[in-house]
Structures are given as C-alpha cells and as structure tokens.
Number of protein chains: 2
Amino acid sequence: MLKGHLDAVLLATIGDEALHGYAIIEAIRARSGGHFDLPEGTIYPALHRLELAGLLASRWVQPDGGRKRRVYALTDSGRQSLIERRAGWQSFASGIDRVLGARA
Amino acid sequence: MLKGHLDAVLLATIGDEALHGYAIIEAIRARSGGHFDLPEGTIYPALHRLELAGLLASRWVQPDGGRKRRVYALTDSGRQSLIERRAGWQSFASGIDRVLGARA
DNA sequence: GTTAAAGCCTAGTGTTGCTAGGTATAACTT
DNA sequence: AAGTTATACCTAGCAACACTAGGCTTTAAC
C-alpha cells in the first residue's frame, strides 16, 4: 500500500517523538487523514528492519498504567536518512507528476 | 524504481499515440526529464500483463525502414483505468505529502 | 469471568520490477 | 566486408516489499 515509501513514512512519523509501534500505526492513520491504515504485520517487521539498519533505536518502557511498550527513536543516521528520503520522495513524485501530466 | 506506479506510467505514456515498447522507454525517459530510465526487462513483461488484463491492445507493424514493431494502444478499459490511476496517484501522493510534511 | 482493546510478534505468500541473459535486424564505421 | 552500435523484442529467475493470517500477553471494561 505504501509502495516502497514505508520507510520514509515511518521515519517521518517518529520524527523527534519516540513512539511505540501501536502508536505509530495510529499516528500514520491520523496524519494521512485516514488514507493509510497499516496492518501490524507491515509495521513491526519494518521497524525491526530499520533498527537492524541502524536508523532506529528501541528501548522497552513500562508506563504507569498499561503494559510494556517498545519505543523507537531515530538515530543520527535515521535523521540523515529521513532528509534523504524526503528529497527522494519529492524528486520521485515530481517525476511521476510530469509523466502523468498531473499536478504539473 | 516506479514503486507500483508503473502501470499508470505506461498507460499515461501511451495515451492516444499507439507506441511500441522501445519508443515507450524513450518517451518515459524524455517526459520524466531523465528521471526514469526503465530497463526492457521491466516494460516488456508489464506491457504483456496490461494486454492480458485488457487495458492494452497490440498489433505488429512493419515500418518502411527498420524492423517490425509491436505497437500498443489503449483499449476503452485502458482509458478508464488511466483515469482511475491518475486519481489514485494524486490521492496517494497527497497522503504521503501529508505524512512527510512536504509539499503540504 | 469474559470480552474487548492495547500491544507485540512471525511465517508464509503474492506482487512487482529488476538483473541478466538471449535473439534478430538495420545503420553506421572502419 | 566486417565489426560495432542502435533498434527492437523476449524470458527465466530472483530479491524486496508489504500484506494476510495467524499467535501471544496484558490491561480495562462490562
């Protein structure tokens, strides 16, 4: 559904906040105006992949109420990668726009 | 490289012109400002897939000079599908824009 | 005490588009 | 004439991606 742009979406959604997986799903749904409603089977493996790639760092947090959560934050290379991916998206989108003749 | 939008790009590139595969590659390269340079291994199977799906129709043409070409044109459902895919792309792109906080 | 919500996870799978080859004809170079 | 480049088509196999469809645990609500 996110067509190869999932990583950029995850990095941008986390931003400076340090969110856990479930909250990331809700944040994406909210920020996209309900457009993207990602299943857990999509985001959890992706978070693991991004952590393995060194773009995210996770820690377990025990909140006052509720159960333990795994919370993700951007690393330095994660921040760097987000900048690059944002630029990559804009370049990609303007390329498609040109070919489709939309939003020229 | 086209992240799931290849079909829309192909349909839009062909448009009303009836192009053959090789010309489609060049047209995409030109219209995207050199951004998309698709290998043949990408577009030929995609054209076959779109023809099988009834969105394209092909015929062999023997030009005055040069070798035989297989020329593709949109069918009625191809035209319909292009309209839908264009709308789909705009909706998708604005969703990503919102999440990435770019081109808001 | 049972159901629903919050929260995490994985195995398996289908789609997609790429790599890396192969074939053939025409045009241009040397 | 021979070799190279450009034109033009094709396929098998593969890797990435994200989805389906499950499973597990804990807390809140009824």
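In what follows, every chain begins at residue 1, and chains take the letters A, B, ... in the order their sequences are listed.
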May I ask you to test the [X]-[Y] pair for a side-chain heavy-atom distance under 4.5 Å?
| X | Y | value |
| --- | --- | --- |
| L55(B) | R85(B) | yes |
| V99(B) | H35(A) | no |
| Q90(A) | L100(B) | no |
| L56(A) | L74(A) | yes |

From [atom1] of [X] over to [atom2] of [N], roughly how many Å is that when rounded to an integer?
| X | N | atom1 | atom2 | answer |
| --- | --- | --- | --- | --- |
| L47(A) | dC8(C) | CG | P | 9 Å |
| E51(A) | dC9(C) | CD | C1' | 14 Å |
| I43(A) | dT20(D) | CD1 | P | 14 Å |
| R49(A) | dA11(C) | CZ | C1' | 16 Å |
| L50(A) | dA16(D) | CG | P | 15 Å |
| L52(B) | dT11(D) | CG | P | 12 Å |
| I25(A) | dC19(D) | CD1 | P | 11 Å |
| H5(B) | dC18(C) | NE2 | P | 13 Å |

Counting the atoms with a prime plus P, OP1 and OP2 as sugar-phosphate, which does G41(B) contact under 4.0 Å by heavy atoms, base, sugar-phosphate, or nothing?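 Since a base atom lies under 4.0 Å of G41(B), the category is base.
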
Taking only residues at least two apart or on different chains, which pairs with a member in residues 52-71 of chain A satisfy salt bridge (Lys or Arg N to Asp or Glu O under 4.0 Å)?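 Matches after skipping sequence neighbours: E51(A)-R70(A).
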
Can you give one letter per nucleotide of nucleotides 1-9 of chain D, 5' to 3': B if a protein heavy atom sits under 4.0 Å from the base, S if only from the sugar-phosphate, - if neither? ------BBB

Hey, which sits more toward the 5' end of DNA chain D by its nearest nucleotide, Q62(A) or P39(A)?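 It is P39(A) whose nearest nucleotide is closer to the 5' end.
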
Can you give me every donor-acceptor pair (side chain of residues 11-30 of chain A, partner residue at least two apart or in another chain, under 3.5 Å) with its distance?
{"from": "T13(A)", "atom 1": "OG1", "to": "V9(A)", "atom 2": "O", "distance (Å)": "2.6"}
{"from": "R29(A)", "atom 1": "NH1", "to": "D37(A)", "atom 2": "OD1", "distance (Å)": "2.7"}

